[in-house]
Amino acid sequence: MAETGSGSPPADGRRALVIGAGIVGTCSALYLQREGFRVTLVDRDGPGEGCSSGNAGGLGIASFTPLAMPGSLGKVPAMLFDPDSALKIRWSHFPRALPWFIRFARAGRPKRVEAIADALSAALADLFECYESLLAETDAGDLVRREGKLYVYESEASFAGGQYALDLRRRRGIEVKALSGDEAREIEPALGPAVKRGAYIPAAGQTINPLRLTQTLAELFHKKGGTILRQTVKGLEFGADGPPKVVTDAATHDPDLIVVAAGVWSKQLVAQLGTKICMESQRGYHAMLPDAGVTTRVSVQSSDRHIIISQMEHGLRITGIADFEGLDAPPNYARADTVLRHARALIPGLKSNGMTRWMGNRPSTPDSMPVIGPAPGHPSVLFAFGHCMIGLGLGAVTGRTIGELAAGREPGIDIHPFRPERF
Ligand SMILES: Cc1cc2nc3c(=O)[nH]c(=O)nc-3n(C[C@H](O)[C@H](O)[C@H](O)COP(=O)(O)OP(=O)(O)OC[C@H]3O[C@@H](n4cnc5c(N)ncnc54)[C@H](O)[C@@H]3O)c2cc1C
């Protein structure tokens with residue numbers, strides 16, 4: 001797909017305001033700039049410090065398999081009673097999350113899974129091209145690596161259980177190499193004997209520092225004349241006519257175009273526009289080991305343990321856990337110790353001196369698809385949130401799509417599956 005931003009006519013200096021400087025908002029701001037908008041990026045924290053900071057760094061061109069898969073629901077009861085499992089639910093929050101789980105169950109039907117994989121694979125296909133285009137204007141091209149991803153399995157049974165997801169990828173043209181345990185260890189020598197089978201996807205990539213990636217892009221945005229404001233958006237204000245205004249703790253802004261890219265917090269903001277979105281925080285954790293004693297070559301994902309082990313420029317990061325405890329529940333950092341325990345089963349002897357723990361809120365829709373497109377009834381507002389487990393991978397493609405929509409062009413990807421009205 002060809003890049004569209006840089007050669008387009010300017011938007012006559014129309015003013016755009018992007019709420020949220022995560023990876024999605026920052027990429028959107030850059031692409032709006034390319035379209036000639038005068039852009040303000042607003043965040044209550046620094047760029048990239050939300051969910052975009054502590055993730056696994058995966059740039060998953062093949063990460064289009066949704067969370068809800070045929071048979072997922074059947075595994076839930078056992079997972080809930082296993083203290084070491086990845087799935088956590090706070091029962092007092094469950095009644096509020098129930099509509100999400102009902103939709104999640106529906107999204108896991110085989111026909112629906114095929115349609116979701118089609119929509120997400122088409123969007124993810126352009127991810128490297130979009131990041132390379134943005135990073136070409138910086139000296140930080142080293143941030144993105146394309147060394148593939150290794151899925152590992154600790155038994156023949158779990159390898160067999162993983163075939164559905166691997167075939168879903170193969171049927172969409174992704175090369176997947178099935179491996180023995182020893183072949184997996186040839187690709188990633190740090191792995192111990194617990195690994196019995198592997199599957200290698202050469203086309204996948206990762207960033208070696210997701211926070212630095214967003215910060216670098218935000219610096220580029222600023223250097224090109226963009227404004228970054230550290231303010232908290234309190235709400236949207238409507239007058240008798242004209243587009244909505246954005247009210248922050250410091251000012252009232254009246255841009256020509258508003259982009260809501262506030263990750264999981266977007267749900268409350270867009271409710272003020274009358275749009276109901278089904279989205280839950282799916283909280284994930286990481287353990288960051290600055291001195292792990294090993295350096296891994298490729299990103300490793302364990303299907304048995306639901307963790308990802310990624311080499312960052314500042315240490316080894318282990319991520320995992322899908323915790324549905326509600327957006328406002330305090331973090332439970334013991335979950336980061338759980339992911340470390342799992343990693344040690346795969347890479348014996350990992351050292352944890354100086355380890356830090358982190359929690360982030362994945363903005364999760366029940367169908368694992370983002371919300372991208374115009375706000376129903378508000379043509380001057382665009383939505384760009386709900387990127388679930390693939391927001392880092394999809395961030396730049398979403399940014400390009402926001403630029404195209406703002407410029408009034410047909411987007412390069414089909415956004416119909418991502419429409420806000422689907423909820
Ligand atoms: C453990 C874990 C591992 C992950 N691994 C991967 C991976 O390998 N690959 C991948 O693609 N994705 C991964 N993800 C998912 C990815 O991190 C998210 O999808 C992505 O970061 C979402 O980006 P965002 O810009 O939408 O949200 P955020 O990064 O959360 O940004 C939203 C921003 O909005 C701001 N904001 C919110 N409300 C307001 C307000 N009222 N006023 C002002 N500012 C506001 C916040 O401060 C925040 O900076 C992972 C997530 C987790 C938790």
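Just follow the structure's listing: the first ligand is 1, and inside any ligand the first atom is 1. Count residues from 1 along the sequence. What's counted below: heavy atoms across the whole structure, side chains too, no hydrogens, waters or symmetry copies.
Here the options are Lys245, Gln231, Glu237, Arg15, the test is side chain to side chain donor-acceptor pair (under 3.5 Å), and the partner is His253; only Gln231 passes. Of the listed residues (Arg335, Lys88, Arg90, Arg362), just one forms a side chain to side chain donor-acceptor pair (under 3.5 Å) with Asp323, and that residue is Arg335. Exactly one residue among Leu179, Leu346, Ile347 makes a side-chain contact (heavy atoms from CB on, under 4.5 Å) with Val195. That residue is Leu346.
At a cut-off of 3.5 Å, with distance as the only test, no side-chain donor of Thr207 or Arg212 sits close to an acceptor on the other residue. For Thr398 and His387, the side-chain atoms include at least one donor-acceptor pair closer than 3.5 Å.
Given atom 31 (O) of ligand 1, the protein heavy atom at minimum distance is Gly22 CA, 3.4 Å. Atom 27 (O) of ligand 1 has Gly263 CA, 3.6 Å as its closest protein atom, hydrogens excluded (heavy atom only). Cys51 N, 3.0 Å is the protein heavy atom nearest to atom 30 (O) of ligand 1. Nearest to atom 44 (N) of ligand 1 among the protein's heavy atoms is Arg44 N, 3.2 Å. When only non-hydrogen protein atoms are considered, atom 50 (C) of ligand 1 lies nearest to Asn55 CB, 3.3 Å.
Residue His286 places no heavy atom under 4.0 Å from ligand 1. Ligand 1 has no atom lying under 4.0 Å from any heavy atom of Glu49. Under the 4.0 angstrom criterion for non-hydrogen atoms, Cys388 is in contact with ligand 1. Residue contact annotation: Gln231 has a non-hydrogen atom under 4.0 Å from ligand 1.
Between atom 48 (C) of ligand 1 and the options Ile307, Asp43, Ile390, Leu124, the minimum heavy-atom separation is to Asp43. With distances taken over non-hydrogen atoms, the option nearest atom 1 (C) of ligand 1 out of Arg362, Arg335, Gln206 is Arg362. Evaluated by nearest non-hydrogen atom to atom 5 (N) of ligand 1, the leading choice among Ala56, Gly58, Pro363, Gly393 is Ala56. Considering Val233, Leu211, Leu41 only, the shortest heavy-atom separation from atom 41 (N) of ligand 1 involves Val233.
A salt bridge does not link Glu35 with Arg14: none of the charged nitrogens is closer than 4.0 Å to a carboxylate oxygen. Electrostatic pairing of Arg305 and Asp84 does not count as a salt bridge here, judged by no charged N lying under 4.0 Å from a carboxylate O. We find that Arg357 and Asp337 are joined by a salt bridge, their nearest charged nitrogen and carboxylate oxygen being less than 4.0 Å apart. A salt bridge links Asp118 with Arg172: at least one charged nitrogen is closer than 4.0 Å to a carboxylate oxygen.
Of all atoms in ligand 1, numbered sequentially from 1 with element shown, those under 4.0 Å from a heavy atom of Asp45 are 47 (O). Of all atoms in ligand 1, listed by their number and element, those nearer than 4.0 Å to a heavy atom of Ser52 are 20 (C), 21 (O), 23 (O), 24 (P), 25 (O), 28 (P), 29 (O). Here is the list of ligand 1 atoms found below 4.0 Å of a heavy atom in Trp265: 30 (O), 37 (C), 38 (N). Atoms of ligand 1 found under 4.0 Å from any heavy atom of Ile23, numbered from 1 in the order shown, are 23 (O), 25 (O). Atoms of ligand 1 found under 4.0 Å from any heavy atom of Tyr285, numbered from 1 in the order shown, are 1 (C).
Between Glu137 and Lys223, the closest side-chain pair of non-hydrogen atoms is not below 4.5 Å.
Considering backbone and side-chain N/O atoms, Gly20 never comes within less than 3.5 Å of an N/O atom of ligand 1. Geometrically, ligand 1 and Thr232 share no nitrogen or oxygen pair separated by less than 3.5 Å. Residue Gly46 has no nitrogen or oxygen atom sitting less than 3.5 Å from a nitrogen or oxygen atom of ligand 1, judged on distance alone. Of the N or O atoms in Leu392, one or more lie within a sub-3.5 Å distance of an N or O in ligand 1.
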Q | Derivation of the side-chain contact (heavy atoms from CB on, under 4.5 Å) call for Leu289 and Lys351 | A | CA-CA 7 Å; Leu289 312 181; Lys351 290 197 226 142; over 6 Å; no

Q: Evaluate the criterion side-chain contact (heavy atoms from CB on, under 4.5 Å) for residue pair Met279 and Phe385; output intermediate values, then yes/no.
A: CA-CA 10 Å; Met279 181 161 66; Phe385 56 82; 3.8 Å; yes

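Aromatic ring pairs are classed by plane angle as parallel below 30°, tilted from 30° to 60° and perpendicular above 60°; the pair Phe238 and His378 is tilted.
Proximity of Met389 to ligand 1, defined as any heavy-atom pair under 4.0 Å, is confined to the backbone N, CA, C and O atoms.
Phe418 has its ring centre no less than 6.0 Å from the ring centre of Phe383.
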